[in-house]
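Some notes on the structure that comes next.
Heavy atoms only: backbone and side chains are in, while hydrogens, waters and symmetry mates are out. As the structure lists them, so they are numbered: ligands from 1, and atoms in each ligand from 1. All of these numbers come straight from a predicted model, not from anything done at the bench.
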Amino acid sequence: MLTDKKLYIPEHVGIIMDGNGRWAKKRAMPRSVGHTYGARTFKKITRYISKCGVKYLTLYAFSTENWKRPLEEVNALMKIFRQYLIDSLTDFREDDIKVNFIGDRSAFAKDIIDLINETEDVAKNRKGMQLNIAMNYGGRDEILSAVKALCTEAENGSIDVSAITEDDISRRLYTSGQPDPDLIIRTGGEHRLSNFMLYQAAYAEFYSTDTLWPDFDEEEFDKAIIEFNKRSRRFGGV
Ligand code: IPE
Ligand code: IPE
Ligand code: MG
């Protein structure tokens with residue numbers, strides 16, 4: 001366990017959970033099977049990360065661009081989300097994990113929206129790690145919403161355009177009030193953000209592993225933290 005190793009534990013970790021499809025393909029199974037196994041990893045690793053002392057965890061589950069996938073795959077993902085949400089109502093209770101969804105939930109079916117709201121509601125008074133699940137999330141879409149909110153406030157006179165600060169933008173993002181991610185982990189071997197936390201990731205450390213998401217485990221998370229501890233974060237200074 002990481003906590004025995006006297007390592008600095010990042011306050012906010014983001015994970016781009018990629019590689020479910022390739023994991024299934026390697027086993028000659030449909031991509032949806034990869035997503036089912038990916039959902040298991042999701043639960044297991046969330047608990048472990050919370051036990052490690054991380055305060056905020058943001059998991060990228062479905063992007064604003066993922067609707068482009070074949071309908072069959074999107075439908076399979078929605079079915080997995082439904083089951084995941086039902087399980088989440090009771091899961092994480094003993095770990096005191098607070099669950100919050102980021103992204104435009106209005107695009108989902110009504111029963112999924114109801115489950116999202118209910119899941120947030122039952123967990124709202126918990127004091128442990130804050131888990132952000134990014135669903136129909138896009139960094140550009142998030143920035144666009146913040147810009148629109150600021151424009152509306154400028155139009156009605158509640159904000160002075162010349163006085164708008166970076167913090168004013170941060171406060172209008174889905175992660176309002178949360179620290180920026182210190183570490184972003186991407187599984188599946190790609191070296192890109194794919195529209196994840198574009199504004200918040202300005203000084204995040206990026207860690208990519210070839211391990212496909214369904215195979216990601218405690219040991220893999222420890223490796224990322226060990227690597228993070230070797231980085232020198234200068235934030236533009238010396
Ligand atoms: C990530 O795995 C899960 C989602 C984007 C929903 P992928 O489905 O992108 O898996 P690969 O990258 O095709 O292997
Ligand atoms: C990023 O994975 C989105 C999620 C993990 C939810 P993608 O598989 O959609 O990203 P690209 O297409 O490889 O950039
Ligand atoms: Mg992918």
Side-chain angles (χ1 to χ4, degrees), residues 12-46 49 56-88 99-109 112-113 115-116 119 131-145 173-175 181 183-201 204-217 220-221 224:
H12 188 168
V13 176
I15 306 185
I16 302 170
M17 309 183 288
D18 197 25
N20 294 348
R22 281 164 282 165
W23 185 91
K25 201 175 166 200
K26 266 172 60 182
R27 289 161 180 79
M29 293 192 289
R31 292 175 58 86
S32 59
V33 177
H35 296 312
T36 303
Y37 279 85
R40 289 186 194 171
T41 302
F42 188 123
K43 285 188 198 176
K44 235 176 83 184
I45 209 69
T46 297
I49 294 176
Y56 299 87
L57 172 66
T58 303
L59 296 178
Y60 202 9
F62 192 84
S63 76
T64 46
E65 288 72 42
N66 287 148
W67 298 105
K68 287 183 204 159
R69 296 185 177 201
L71 188 61
E72 195 191 337
E73 181 170 347
V74 171
N75 286 342
L77 278 163
M78 295 303 143
K79 213 172 142 192
I80 291 166
F81 291 155
R82 245 182 218 104
Q83 193 52 50
Y84 182 81
L85 287 162
I86 292 165
D87 296 348
S88 291
V99 193
N100 173 49
F101 291 83
I102 67 171
D104 178 9
R105 64 187 70 176
S106 70
F108 293 112
I112 294 189
I113 300 174
L115 278 167
I116 287 176
T119 307
L131 166 66
N132 299 314
I133 305 177
M135 270 172 62
N136 192 27
Y137 172 88
R140 286 189 171 183
D141 181 62
E142 182 182 39
I143 294 167
L144 175 64
S145 303
L173 303 176
Y174 291 117
T175 50
L183 170 66
I184 293 179
I185 298 172
R186 181 166 186 147
T187 61
E190 312 291 358
H191 293 237
R192 55 176 172 256
L193 285 171
S194 302
N195 210 4
F196 185 58
M197 301 194 102
L198 297 184
Y199 192 83
Q200 300 91 327
E205 294 296 326
F206 191 66
Y207 176 87
S208 171
T209 169
D210 288 336
T211 301
L212 303 171
W213 178 249
D215 292 328
F216 191 80
D217 59 11
E220 287 285 334
F221 181 74

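Other residues, nucleotides and ligands contribute at most 12 non-hydrogen atoms within 6.0 Å of the OH atom of Tyr37. Few gaps surround CD on Glu65; more than 12 heavy atoms of other groups in view lie less than 6.0 Å from it.
Within the 4.0 Å heavy-atom cutoff, Gly188 does not count among the residues contacting ligand 1. Put simply, no part of Lys25 is less than 4.0 Å from ligand 1, judged by heavy atoms. The shortest separation from a heavy atom of Met135 to ligand 2 is not under 4.0 Å, leaving the residue out of contact.
The nearest heavy-atom contact from the protein to atom 3 (C) of ligand 2 is Tyr60 CE2, 3.7 Å.
When each of Asn136, Leu173, Asn132, Leu59 is checked for a side-chain contact (heavy atoms from CB on, under 4.5 Å) with Ile102, only Asn132 meets the rule.
Looking at Asp18, its N, O or S atom nearest to the Mg ion (ligand 3) turns out to be OD1.
For ligand 1 and His35, the ligand atoms under 4.0 Å from any heavy atom of the residue are 3 (C), 8 (O). The atoms of ligand 2 that sit less than 4.0 Å from any heavy atom of Arg192 are 11 (P), 13 (O), 14 (O). Heavy-atom proximity to Ser194, at under 4.0 Å, picks out these atoms of ligand 2: 1 (C), 10 (O), 11 (P), 14 (O).
Considering backbone and side-chain atoms together, Asn66 places an N or O closer than 3.5 Å to an N or O of ligand 2. Between Ser63 and ligand 2, no N or O atom pair is found at a separation short of 3.5 Å. Taking only nitrogen or oxygen atoms, main chain and side chain alike, Phe62 does not reach within less than 3.5 Å of ligand 1. Backbone and side-chain nitrogen or oxygen atoms of Glu190 are examined, and none is located within less than 3.5 angstrom of a nitrogen or oxygen of ligand 2.
For atom 5 (C) of ligand 1, the nearest non-hydrogen atom from the set Met17, Arg69, Glu73 belongs to Arg69. The heavy atom nearest to atom 13 (O) of ligand 1, out of those in Arg22, Lys26, Arg31, is found in Arg31.
The two residues Ala201 and Leu193 have their closest heavy-atom pair at CB-CD1, 4.5 Å.
Geometrically, Arg105 does not engage Phe108 in a cation-pi contact defined by less than 6.0 Å to the ring centre and at most 45° from the axis. A cation-pi arrangement is present between Arg27 and Trp23, with the terminal nitrogen or guanidinium carbon under 6.0 Å from the aromatic centre and inside a 45° cone about the axis.
With a 4.0 Å cut-off on non-hydrogen atoms, Ala61 touches ligand 2 through its backbone and not its side chain.
Within a 4.0 Å radius of atom 11 (P) of ligand 2, the protein contributes at least one heavy atom.
Between Phe62 and Tyr137, the distance from one ring center to the other does not fall under 6.0 angstrom.
Ion pairing of Asp18 with Arg186 is present here, as a side-chain N (NZ or NE/NH1/NH2) and a carboxylate O approach within less than 4.0 Å.
Within the 4.5 Å cutoff, the side chain of Lys68 has no heavy atoms near those of the Val74 side chain.
The CD atom of Gln200 sits 3.5 Å away from atom OG1 of Thr175, with the distance rounded to the nearest 0.5 Å.
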